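Scroll down for the structure; my scribbles are underneath it.
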2 protein chains.
Amino acid sequence: MQTATAIRTRLPAAAIPATAPALSQGGTRRILAKGAELFAEGDASTFFFRVVSGTVRTVKLLADGRRQIDAFHVAGDMFGLDRGASYRLTAEAVEPATVIAYRRSDFASLMQRDSAVMETLMAATLANLDRAHEHMVLLGRKTAMERMASFLLDLASRLSCPDQVCLPMQRHDIADHLGLTIETVSRTLSQMIQAKLIRLADGGRTICLLNKDALQLLAA
Amino acid sequence: MQTATAIRTRLPAAAIPATAPALSQGGTRRILAKGAELFAEGDASTFFFRVVSGTVRTVKLLADGRRQIDAFHVAGDMFGLDRGASYRLTAEAVEPATVIAYRRSDFASLMQRDSAVMETLMAATLANLDRAHEHMVLLGRKTAMERMASFLLDLASRLSCPDQVCLPMQRHDIADHLGLTIETVSRTLSQMIQAKLIRLADGGRTICLLNKDALQLLAA
DNA sequence: CGCTCATTTGAAAGGCCTCAAAGCTGGTGG
DNA sequence: CCACCAGCTTTGAGGCCTTTCAAATGAGCG
């Protein structure tokens, strides 16, 4: 593993710190290689997951190949809790990642005795729903520049790197998350550089936020 | 109340029929006038709601007035269950509506004894999350025509009117839901009429789906 | 019946996409 | 250790879909 990845994964910001311990008993650890698929849309949903390190993307595909990445999940995030008996989206590792898999059936009985478990899952699901709401505003109503600014600030806060974002994903993933093309993503970043809002490092994989206040204004 | 509204609200399609009865004990009924605000983003979230009849929209606003309607809630749907102590979006009646308000604090203790209640809320939340995922694909990756087709088919299925959609909302709401402008919504509908996919009735408030198969293909 | 608001339609502009090619990066093998 | 290769990223030019601005038409209501 090269240095860049080590840096990217060194800060596991616990997204659900207060309630997550309720799940500490069960679950099995899984190591994922870059690009590995955890589950696909339509698969029987026997597990749900929590990210320990690395990044996982959840994806929806249209018949003609168009892709929408609904979220990037980082350390502490939960995903794979879907309605019904099968997954509604596909999950893949964006970079080498470690997750903990919880068997759904194990919790059916556990939840009846321990409401704390259920509340943990509820909190995680509500967190995902909240992010989805925010992302719908971005996709439906923001310009390319606003989307990019929102994305960078969001990622910076979630990775708890105050002024620096080590992007675990490539431009194509960013584009499919923000509802843009890779060219527009690249052009938008170039404009931000020109405006001295950001600076690229590590061959374009790391973005230094030079002016967070201005980015915040841009994020609309 | 005019006839159109009566028709629109006469079919309460139970979205969560199996589990909803668990909530039948509590809650107080509220009658909402058209446009009435149930709660606003940032308000303390003391209640969550279930639609009995009519339609409620949940909305997010940007500082400059741009609006994104994340969902239209019809009979049987639940909304207002947000992360944290305050609502993350605003809820307003699209048309005259009846909802049942459940006090959040009443359920904190109830859930510990009755896991069925918690499961009902979880199922409702997962349903909302699922819709959000589907809508993100629409907003991020579909064309105006595809968005409109998807919207009409979705509404038709949820209102359980096989081949007819009685729109409770006006063009402006549709536009803010689909990430378009009212002009584009209108033009897209006109194109669909020309292609004999739909037919307008009731002064543009009712849409007859003349060719659902073709619409399904268009929805992508 | 007239007023107001919603919807439709038109024309022009703009932002993002598509197509295309050059520039970089990182990994591999000589 | 360095050159080469494949894939990712950036940049350029042109086109298209949606938006913006504007005005006409239609519907609901006092």
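Owing to the predicted nature of the structure, the values given are computational and were not obtained by experimental measurement. Note that these values count all heavy atoms, side chains included, but never hydrogens, waters or copies made by symmetry. Every chain is numbered from 1 and lettered A, B, ... according to where its sequence line falls, protein lines coming before strand lines.
- If you check every strand for non-hydrogen atoms under 4.0 Å, B:Leu180 touches sugar and phosphate atoms only.
- Protein atom CD1 of B:Ile207 is 11 Å distant from nucleotide atom P of C:dT7, rounded to whole Å.
- Taking atom NZ of B:Lys34 as the reference point, atom P of C:dA6 lies 8 Å away to the nearest angstrom.
- Taking atom CG of A:Leu200 as the reference point, atom C1' of C:dT25 lies 13 Å away to the nearest angstrom.
- Here the C1' atom of nucleotide C:dC16 and the CG atom of A:Leu139 are 15 Å apart, to the nearest Å.
- For the OP1/OP2 pair of C:dA6 and a distance below 4.0 Å, the side-chain nitrogens and oxygens of B:Arg205 include no atom meeting the criterion.
- Ionic pairing of A:Asp130 and B:Arg83 is present here: one or more N-O contacts between side-chain nitrogen and carboxylate oxygen are shorter than 4.0 angstrom.
- In this structure, the nucleotide among D:dC8, D:dT11, D:dC21 sitting nearest to the side chain of B:Glu183 is D:dC21.
- Here the side chains of B:Leu152 and B:Ile207 are in contact, with some heavy-atom distance below 4.5 Å.
- Taking atom CD1 of residue B:Ile193 and atom P of nucleotide C:dT9, one finds them 7 Å apart after rounding to whole Å.
- Atom CD1 of B:Ile182 and atom P of D:dG26 are 17 Å apart (whole Å).
- Salt bridge annotation for B:Arg67-B:Asp173: present, with a cationic side-chain nitrogen under 4.0 angstrom from a carboxylate oxygen.
- Mapping A:Ser186 and A:Arg141 onto DNA chain D via the closest heavy atom, the residue that lands nearer the 5' end is A:Ser186.
- Regarding contacts with the backbone of C:dT9, a side-chain N or O of B:Ser190 is found under 4.0 angstrom from either OP1 or OP2.
- Regarding B:Asp176, its CG atom lies at a distance of 13 Å from the P atom of C:dA6, rounded to whole Å.
- Aromatic ring pairs are classed by plane angle as parallel below 30°, tilted from 30° to 60° and perpendicular above 60°; the pair A:Tyr87 and A:Phe39 is parallel.
- Atom CG in A:Asp173 sits about 12 Å away from atom C1' in D:dC8, given to the nearest Å.
- The base of D:dT20 lies close enough to the side chain of B:Arg187 for a donor and an acceptor atom to sit less than 3.5 Å apart.
- Contact check on A:Arg57 versus A:Asp70 returns no salt bridge, with no Lys/Arg side-chain nitrogen under 4.0 Å from an Asp/Glu carboxylate oxygen.
- Between C:dC17, D:dT10, C:dT7, one nucleotide has an atom nearer to the side chain of A:Thr181 than all others, and that is C:dC17.
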